[in-house]
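Everything quoted here is computed from the prediction, not taken from an experiment.
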Amino acid sequence: MEENSNSNNSNGLMERELDVEERDNNNSNCNSNCNCNCNALQQPLLLKRNRTLSSNPLALVGAKVAYIESLDYEINENDLFKHDWRKRSKVQVLQYVFLKWTLACLVGLLTGLIATLINLAVENIAGYKLLAVVNLISNERFLTGFLYFTGANFVLTLVAAALCVCFAPTAAGPGIPEIKAYLNGVDTPNMFGATTLIVKIIGSIGAVAAGLDLGKEGPLVHIGCCIASLLAQGGPDNYRLKWRWLRYFNNDRDRRDIITCGSSAGVCAAFRAPVGGVLFALEEVATWWRSALLWRTFFSTAIVVVILRGFIDICTSGKCGLFGTGGLIMFDVSNVVVSYRLMDVIPITIIGILGGLLGSLYNHVLHKILRLYNLINQKGKMHKLILALAVSLFTSVCQYCLPFLAQCKACDSTLGEACPTNGRSGNFKQFNCPDGYYNDLATLLLTTNDDAVRNIFSSNTPSEFTIFSLLIFFALYCILGLVTFGIAVPSGLFLPIILMGSAYGRLLAILMGPNTNIDHGLYAVLGAASLMAGSMRMTVSLCVIFLELTNNLLLLPITMIVLLIAKTVGDCFNPSIYEIILELKGLPFLDASPEPWMRNLTVGELADAKEPVVSLSGIERVDRIVDVLKNCSHNGFAVIDEGVIPTVGFANSAIELHGIILRAHLVLALKKKWFLTEKRRTEDWEVREKFDWMELAERELKIEEVAVTSEEMEMYVDLHPLTNTTPYTVTESMSVAKALVLFRQVGLRHLLVVPKYQAAGVSYFLSKQNYSLSAISVPVIINIANLISFRLFEGASGDRNSNPAGFKAIQHSECVPSPSEI
């Protein structure tokens, strides 16, 4: 997160900086901090969750505070992997590639089907609700219409909130920040499960149909990722398919690629924008990218478009109930001639500046409201339900009552559109007006959010909305957008921001009057784009999405200008809304660009902050492995051998750093009872007889689930075949900036740092591990995000009883916290 965000989040950061200063002055360790602190779970959004560089990270995932881990995106080149890769035939390689494309196709197919189901359900449920309300209003039964409208919205919100609170708390919200964190290399537990998927679908239908100021775009991205994850792992955790080829994808690296396809398919399903979906995944959520992944994501979005196009053709014939004939294109201006004058540069620039200012202000206020909501949500499930239902009642009252403040306007017979209208959709709502008149505020409020966007984006209607109605609409949706996001229902940010931005875009068009040639509907489009860029800080993907929505390439130049101005202005004040949510939840995130101070700090100097721990020998005793796994929370260990005779360079024996072994592989070796009665190296055939390389991709095993007898404790385990012998290695003089770029671009979890001078005998072990450095708030550490795990160096006078190789190690945490601390 950038330095300019510190001033906007000063309260939280200053408090955490004081925590770190107190830690440095007292030289306290991890355990003493854990014991002396007040319970970290009581702090708002984990404000004081990390007291030292050694502490485990805590993050809010759904409603739970949990320890989080990094993901192993690096290929673990141990002996089993090398043997399997050598024996693979061309047919097997082609089958593997074909299955990747098949999964990408299935992700697009299922995402398109579910998106269609959600749209049909929302349009029909909300449609019949609005038809009943309009019928009551036309009969002047206003109180009955109010009770019916409010009651229906209350029940729909209750269903959505109850499902999220009771069954899948991770389904609440948009899910995009957690997806960003996952693709950045941080595991987010329970985010992509089958229960989360089902609740997300039903909850999105209920929340959107209830008329809440939220959209289904963010939830559709999360739904696409859930589908991708379930397909890649063969189904839910308890009912996984055991097909051999599916097991090839049960690893973090391939799962990441499939989930990236799911995110792009979700955006495409929300906006029917295939190219925009691919660019959204590239620009906003994905950290690691390559050309093969680009083609697969594009293939997934193409499948989504085909599915949506097919269902739209079916629905236009009237076979989908009340589903609108407009399909998923919210604003079609292909028949509008877009022309510019020199004077138009002024309002375009003003729209961009307003978008940046209002977007950053929206982020700042929403940041404060989310902190307040967290205090309410901590009180229990009932408080979450009450908060969601209170927001629903407030929204319903405003949407139904505020149109009575607007004056009726006479219909313009020259427009060539039906006026007034009393149906579920359509422009120029009659509401309480006599025949031949319409209520412009009811046109925006007493309808679905999608129809409200279509109405405010309507072209060739310069006099449809009054300044008074647009001001009320803008103020209301600013308030609703702030209070609705954060309640316990699936919610997206796209649609509320589009509605707010389009309102001030129309207002500016009215103020410009005859001094501009640009259509008022186009001003609304530019206003929506500017506010989205000012809040979300997207440019390229957002530009393409709006072009695909509007179906008019003539908007490209002015849309680009507006987006660039809005993003530039917004960046001057605070980070994007998704980065703010990541910080609030405590999810670590590696930024794309290192901070300038990182150039002046080396990884060797950074490693000096760690505490000494232990390492493992190439052939280690079982009791030592069990002790290390039970008492330490490290996820990677350096494997070292003493007394090795190098081929060149040394006359006497030396200490060899064999590589890195993962915690999951140590647990697997214990579970399979791969023990030796004597201290010796194993043969290749012994390893292949006991292990399958696909088993090494499993990350579900825990040391508490493994039973080891007292006799087995005296045996040995040969760690060499399970050790990654080709870890990424750098010298200790490398700058922190280069190390951060390496971690992000290569997708590393661990990085070995070797001494610059051989005589020094120093080596380090850096790890993209599990703590949020944004919680430590030391200026030199904030933006490095999860680098250090432990340091190794050869000590001439080391205690060789506790450390046979004479190494000292420094890792990210000395011990597992006690159950009372968790």
Side-chain angles (χ1 to χ4, degrees), residues 71-111 182-183 185 187 192 224-237 239-265 278 281-282 286-304 662 664-665 668 684 687-700 721-722 724-728 745-749:
L71 296 167
D72 296 301
Y73 288 155
E74 181 187 357
I75 295 178
N76 199 311
E77 294 185 351
N78 51 37
D79 293 346
L80 286 170
F81 174 83
K82 294 175 183 178
H83 173 76
D84 178 82
W85 192 256
R86 285 192 299 265
K87 73 175 185 178
R88 282 191 187 183
S89 63
K90 290 185 178 180
V91 174
Q92 290 176 314
V93 174
L94 289 176
Q95 287 175 336
Y96 175 64
V97 174
F98 175 76
L99 189 57
K100 279 189 174 182
W101 286 94
T102 302
L103 289 179
C105 177
L106 291 175
V107 168
L109 177 66
L110 294 177
T111 304
Y182 181 89
L183 296 179
D187 192 14
F192 307 115
C225 293
C226 290
I227 293 171
S229 177
L230 292 172
L231 287 175
Q233 69 183 17
D237 293 336
Y239 304 97
R240 290 188 182 181
L241 297 177
K242 300 301 183 180
W243 187 34
R244 176 179 176 83
W245 284 103
L246 272 179
R247 295 181 65 190
Y248 278 106
F249 294 90
N250 194 20
N251 61 82
D252 294 335
R253 186 182 181 88
D254 286 319
R255 193 179 180 209
R256 170 193 61 186
D257 292 350
I258 298 299
I259 288 178
T260 304
C261 293
S263 65
S264 60
V278 174
L282 172 62
T287 298
W288 190 81
W289 198 263
R290 68 182 192 277
S291 59
L293 183 58
L294 173 67
W295 286 109
R296 278 196 291 273
T297 54
F298 187 69
F299 180 58
S300 295
T301 57
I303 298 297
V304 174
L662 300 180
H665 297 172
L668 182 64
D684 291 343
V687 181
R688 294 194 295 270
E689 190 177 71
K690 195 73 173 180
F691 293 97
D692 185 347
W693 78 270
M694 289 186 293
E695 293 176 326
L696 301 183
E698 297 286 346
R699 302 176 67 248
E700 307 298 330
L722 306 179
N724 180 12
T725 57
T726 59
Y728 283 86
Q745 292 186 354
V746 184
L748 298 181
R749 184 177 186 179

For the residue pair [X] and [Y], establish whether any side-chain heavy-atom pair is separated by less than 4.5 Å.
| X | Y | result |
| --- | --- | --- |
| Val687 | Asp79 | no |
| Leu662 | Asn76 | yes |
| Trp289 | Thr297 | yes |

Under a plain distance cut-off of 3.5 Å, with no hydrogens placed, do Tyr96 and Asp254 share a side-chain donor-acceptor pair?
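Looking only at side-chain atoms, Tyr96 and Asp254 do form a donor-acceptor pair, the distance falling under 3.5 Å.
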
Locate the shortest heavy-atom distance separating [X] from [Y]; write the atom from each residue and the value.
| X | Y | answer |
| --- | --- | --- |
| Gly747 | Tyr73 | O-CB, 3.3 Å |
| Thr260 | Ala286 | CG2-CB, 4.2 Å |
| Val304 | Gly108 | CG2-O, 3.3 Å |
| Ala265 | Val107 | CB-CG1, 4.3 Å |
| Ser300 | Ala104 | OG-O, 2.9 Å |
| Thr301 | Ser264 | CG2-O, 3.5 Å |

Assess whether a salt bridge exists between Asp257 and Arg290, defined as any Lys/Arg side-chain N lying under 4.0 Å from an Asp/Glu carboxylate O.
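Yes, Asp257 and Arg290 are salt-bridged.
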
Treating Trp288 as the side-chain partner and Gln745 as the backbone partner, does any N or O pair qualify as donor plus acceptor under 3.5 Å?
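Yes, Trp288 side chain to Gln745 backbone: donor-acceptor pair under 3.5 Å.
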
Qualifying residue for salt bridge (Lys or Arg N to Asp or Glu O under 4.0 Å) with Asp72, from Arg253, Arg255, Arg749, Arg256:
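Result for salt bridge (Lys or Arg N to Asp or Glu O under 4.0 Å) with Asp72: Arg749.
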
